[in-house]
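Here is the naming used below: chain letters follow the sequence lines, and residue numbers restart at 1 for every chain.
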2 protein chains.
Amino acid sequence: MVYYNQGLDNTFSALSDPTRRAIVSKIAIGEVPIMELASPFNMSLPAVSKHVRVLENAGLLIRKKRGRVQYCRLNASPMRDATDWLIKYQQFWDTKLDALANFLEEQSK
Amino acid sequence: MVYYNQGLDNTFSALSDPTRRAIVSKIAIGEVPIMELASPFNMSLPAVSKHVRVLENAGLLIRKKRGRVQYCRLNASPMRDATDWLIKYQQFWDTKLDALANFLEEQSK
DNA sequence: GCTATACTAAACCATATGGTTTACTATAAT
DNA sequence: ATTATAGTAAACCATATGGTTTAGTATAGC
């Protein structure tokens, strides 16, 4: 009866790291070799390689090997569940804005 | 020049745990004492207390003490940034569905 | 065939995470 | 005044995480 979503665990966990979010942004543009992913970060290649693996395990990154280069591209679909989960609470973060809107509305009368 | 969003780190990290997501769901309904949060989980009270603290540090939970009971309620606003970040990639997860739609469209002609 | 490139693997390290138990504090009820 | 309730604090533990370095493998270029 205890149920939880391992997919959401992995998605949120993968995206909780700034380096990995930066990687996601990069591979959304198109296929990027791991070398190119590594270059902007002040970090060793094995470290980046590990981040790539984490994203891959979360299903957010797809690897394609051509020759000795591994190209990475985004698979955004797991983000959908994460977004769906978050969106359920949209009404709660909108409340403040609504309250502000109502306040301003009242003021202007 | 290297810049990253600590808020997103904390939000995604806090939400990567199933117990904490369950807590979020509960406190969205209304104010809930920590005791009541703990009860459905097969977990000690200190463990739940720690999860509450993590959510509080991520700005997702607000604590209000009345007597000896601490009531928790949701502050969803940090979720907004997380959702905004995710939504940027919506086009990428929609692609597959679009492709399917196009395929079906072609088939029906 | 040799060397350079683009990685992965493995060993290691420090710190973080998620849980426990045991002890304490503050409020409430009897 | 004593006891029960609702927690937090602290110490501890096992495992995970994010990084390193050093070594190895597979492909490409000369």
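Distance, A/Asn57 CG to D/dA16 P: 13 Å, rounded to whole Å. The CD atom of A/Gln6 sits 13 Å away from the C1' atom of D/dA16 (whole-angstrom rounding). Atoms NZ (A/Lys64) and C1' (D/dT27) sit 19 Å apart, rounded to a whole Å. At whole-Å resolution of the value, NE2 in A/His51 and C1' in C/dC7 are 16 Å apart. Computed from coordinates, the B/Tyr71 OH to D/dA6 P distance equals 10 Å when rounded to whole Å. The distance between atom CD of B/Glu36 and atom P of D/dT5, rounded to the nearest whole Å, is 15 Å. The interatomic distance linking B/Asn10 (CG) with C/dA16 (P) rounds to 13 Å, in whole Å. The CZ-C1' distance, from B/Arg68 to C/dA28, rounds to 4 Å in whole Å.
Checking D/dG18, D/dG19, C/dG19 against every side-chain atom of A/Arg20, the shortest atom distance belongs to D/dG18. The side chain of B/Leu45 lies closest to D/dT8 when the candidates are D/dG19, C/dT20, D/dT8. Of the candidate nucleotides C/dT8, C/dA11, D/dT8, C/dT8 has the atom nearest to the side chain of A/Pro46. Closest approach to the A/Arg63 side chain among D/dT8, D/dG18, C/dT8 is made by C/dT8 (side chain taken as heavy atoms from C-beta onward). Comparing C/dC7, D/dG19, C/dG19 by their closest approach to the side chain of A/Pro33 singles out C/dC7. The side chain of B/Val69 lies closest to D/dG7, out of D/dG7, D/dG19, C/dC7.
Within the 4.0 Å cut-off from OP1 or OP2 of C/dT20, at least one side-chain nitrogen or oxygen of B/Ser44 is found. For the pair A/Ser49 and C/dC7, the criterion of a side-chain N or O lying under 4.0 Å from OP1 or OP2 is not met. The phosphate of D/dT8 has OP1 or OP2 within less than 4.0 Å of a side-chain N or O from B/Gln70. Neither OP1 nor OP2 of C/dA6 sits under 4.0 Å from any side-chain N or O of A/Arg66.
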- Are A/Tyr89 and B/Thr83 close enough, and set up right, to give a side-chain hydrogen bond (donor to acceptor under 3.5 Å, both in side chains), and what steps lead you there? CA-CA 10 Å; A/Tyr89 303 98; B/Thr83 306; over 6 Å; no
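Toward the 5′ end of DNA chain C lies the nearest nucleotide of A/Arg53, the other residue of the pair B/Lys50 and A/Arg53 mapping further downstream. Of the two residues contacting DNA chain D, namely B/Ile34 and A/Val54, the nearest-nucleotide position lying further toward the 5' end is that of B/Ile34.
Using a 4.5 Å cut-off on side-chain heavy atoms (C-beta onward), B/Trp85 and A/Leu86 make no contact. Two residues are said to be in side-chain contact when any heavy atoms from C-beta on lie closer than 4.5 Å; A/Thr19 and A/Met43 meet this criterion. In this structure, the side chains of B/Leu37 and B/His51 stay at 4.5 Å or more apart for every pair of heavy atoms.
The existence of a salt bridge linking A/Arg66 and A/Glu31 is confirmed by a sub-4.0 Å separation between a basic side-chain nitrogen and an acidic carboxylate oxygen.
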